[in-house]
Amino acid sequence: MDGGTQGAAAAAWENGTLAAVDRLQSDRADSPTPGLVEGTEPGAGQRSAMFVHAQSFEDLSTEVEDREAQLGKSEGCDAEEFNVLVGEKPAQEPRNNFSSDNKTKEEDISSEAWRSHKKHIFVLSEAGKPIYTRYGTEEALSSTMGVMMALVSFVEAEKNIIRSIHADGCKVVFLTKSPLVLVGVSKTCQSDKELLRELHYIYYQIVSLLTLTQLNHIFQNKQNYDLRRLLAGSEYLTDNLLFRLERDPSLLLSAVTCLPLASSFRDVVSSGLQAAKAKNLVFSILLAGDRLVTLVRKKDQFLHHIDLHLVFNLVGSSSSFREGEGWTPICLPKFNTAGFFHAHISYLQPGSELCLILVSTDREDFFNMSECKQRFMERLSKRSAFQALKEALKCPSYSVAQVGIPELRHFLYKSKSSGLYTSPEFPTVYQTDGEQERLMRLYQDLHSALHHPTRPLRTFYRCGETENMLALVTSGFELYLCFSPLATKAMAVAAVNKLLKWIRKEEDRLFILTPLTY
Amino acid sequence: MSTIRVDAKVVMLGKESVGKTSLVERYVHNRFLHPYQNTIGAAFVAKPIQVGEKVITLGIWDTAGAERYEAMSRIYYRGARAAIICYDLTDSSSFQRARFWVKELQNCEELCKIYLCGTKSDLIEADRSRRQIDFHDAQDFAEEIGAQLFETSSKTGKNVDEMFQKVAEDYNSTAFQYMTEDTNVNLDQKKNSNFYSCCHGN
């Protein structure tokens, strides 16, 4: 609950990481990894990066400090606002009944099952009005959320910020992003920082639907507005995002993975998108399921990986774009929280996994975007790249056996400068949902250790009953390896070099080395 | 390079979950998908339809019913030759919403012909007590506003083709009246961009 000292500690560790990198570079000769500086690691782009990824993981948490600084400046008026909020009784507004297929929504909040969920997420307005709950219904939770808001306000009245409460194996983490308050209640072993990062994602998800400008505008006009009216029907996007946060390595690594594709074909696809440009087109993104085929952007415009994850989530969660050509406003909050882009979203063929997203700045641009797609399709078929793409889709991943390292079961490798990662398919021992989730949790633990706020580790080896794990981070890459329990530490350390060599050999297939701009 | 040639722009309007997407799915792909998933933004699909000797391509805009997209709706119905305003026969509040859309179109899009469509008629057939919108009341309203009324079921396909056929036929028989008008959906954005941007600011 102590904002001041935590802020200082966080500032200290920001400096700490910088020092660690310096140390790391001078130590490199002793390190088991090849001497790779950022920009030369396997998978690093040759021209320029596609994404903005200033510190990627860290930049989410630094915003909290900003907010704190702002709050310090405007203490006086905050206290006044607080009085207004308390003075006004929230009026009940009629809520549309829409059928939700999500069974968890109907859960009784007094039941043991509801209490025993590992992670709850709540979103409320600063008037304490429920906006979203992961489990149960918002109506049933209005008094609980009222208590949450009371806690936030109480601490804020003392010119402080509530960060988290630790009690009884439970962590309650608060994130105040005016006009919203997000609360995570977790029984997992994730750190506060990781939970905060997830809350940020949820916040951005909501902003991407409405824009921050609209959110502020709504709550300035009416503090007790029921935001569920405007978010109606979008709950499944947030549900799915939460699922991804638990299961998808890309959100953990702040990176994106690519469809393995011979670079010659990828270049044809990229240049096809490059040629199909239009005045207001900012980003052309081709996805194959959860994998990026290519991304072409307007010169000097970068897409943040969080924005791209929101696009992945939007496309992956909805069957709506299968119906025809979709045209939807979308705010990319890391790009600009104030306005909407307009995305033309369509599959290249009915039933195909290949989805093209054309992001324009103009709401009237639908037919221009539709024409861009037509031009792209014609070019693809002319160069017979479409067939190659379809072939590549048949094996969207690779088996770890191809790497040829004994006892290696699985790994995650992220090239820091390109913001891309690669990972083989799950081996047979991790085929079930439960096992995959367990492995992801192991990776999350390693990730937390490498990005610890006060004592970040550079290497971490952990011997377990069911697998041995090794993680290491350098200035150029992050690597997480999973070995069978028969592997030894020496084997694991020796594997790093071999794996890096293999990735280097395969990098033009596994990564996008030559990102293009219009 | 040829863009999709669309003769008539048709827009689907109505409260969320009344079944606009299902109606389009049934008509265009002749299928009924379950479970329900709400539309994000809007979806466009072009469908050629035979009217007498001629083939007319309908450009159908299936809009999202959710309130947050309301500010966007104008770009979908602007220049539309036909609007299919849907309501759920088992949900009286959806009929109120339909009245809202009728008013909106009457004010902003005079040339747009209105078709009222009561959806989910299969539910009524299974259980008459579920009907909340009386057929005759709807019929009176339709006459009052000069609209046609259909009661459809996307699940069984009942009346769906008939409705779109009627839309195309009406377009065909009145098309010549507006020949001089630029009704092509190819957006003539530059000329009008100022006008629209000030109307849409939200």
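A quick note: this is a predicted structure, and the numbers were derived from the prediction, not measured. In what follows, every chain begins at residue 1, and chains take the letters A, B, ... in the order their sequences are listed.
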Between [X] (side chain only) and [Y] (backbone N and O only), is there a donor and an acceptor less than 3.5 Å apart?
| X | Y | result |
| --- | --- | --- |
| B:R68 | A:R229 | no |
| A:E325 | B:A46 | no |
| B:E67 | A:L230 | no |

Side-chain touch A:E364/B:R78, heavy atoms, less than 4.5 angstrom: yes

When A:S318, A:G326, A:A343 are compared by non-hydrogen pairs under 4.5 Å with chain B, the top option: A:S318

Which atoms of B:D91 come close to chain A, meaning under 4.5 Å heavy atom to heavy atom: side chain ones, backbone ones, both, or neither? neither

Taking every heavy atom of B:A66 against every heavy atom of A:A232, the minimum-distance pair comes out as CB-O, 4.0 Å

Would you name the heavy atoms of A:S234 and B:N38 that are closest together and state the gap between them? N-ND2, 4.2 Å

State plainly whether the residues A:R322 and B:E25 are in salt-bridge range, i.e. N to O under 4.0 Å. no

For the [atom1] atom on [X], are there more than 12 heavy atoms of other groups (residues, nucleotides or ligands in this structure) within a distance under 6.0 Å?
| X | atom1 | value |
| --- | --- | --- |
| A:K298 | NZ | yes |
| B:Q50 | CD | yes |
| B:R31 | CZ | yes |
| A:K277 | NZ | no |

Take B:F44 and A:F366 through the test side-chain contact (heavy atoms from CB on, under 4.5 Å) and record every step on the way to the result. CA-CA 9 Å; B:F44 176 82; A:F366 174 83; 3.3 Å; yes

Looking only at B:A64, B:G65, B:A42, most heavy-atom pairs under 4.5 Å shared with chain A are made by B:A42

From [atom1] ([X]) to [atom2] ([Y]), nearest 0.5 Å:
| X | Y | atom1 | atom2 | value |
| --- | --- | --- | --- | --- |
| B:T63 | A:W327 | OG1 | CH2 | 15.5 Å |
| A:H342 | B:I75 | NE2 | CD1 | 7.0 Å |
| B:I40 | A:S317 | CD1 | OG | 7.5 Å |

Yes or no on side-chain contact (heavy atoms from CB on, under 4.5 Å) for B:Q37 and A:Y236, after CA distance, side-chain angles and deciding distance? CA-CA 9 Å; B:Q37 202 179 34; A:Y236 70 102; 3.3 Å; yes

Sequence neighbours excluded - ring pair (Phe, Tyr, Trp, His ring centres under 6.0 Å) pairs with any residue from residues 72-93 of chain B: B:W61-B:Y76, B:Y87-B:F95

Heavy-atom distances under 4.5 Å only: say whether A:I330 touches chain B with side chain, backbone, both or neither. neither

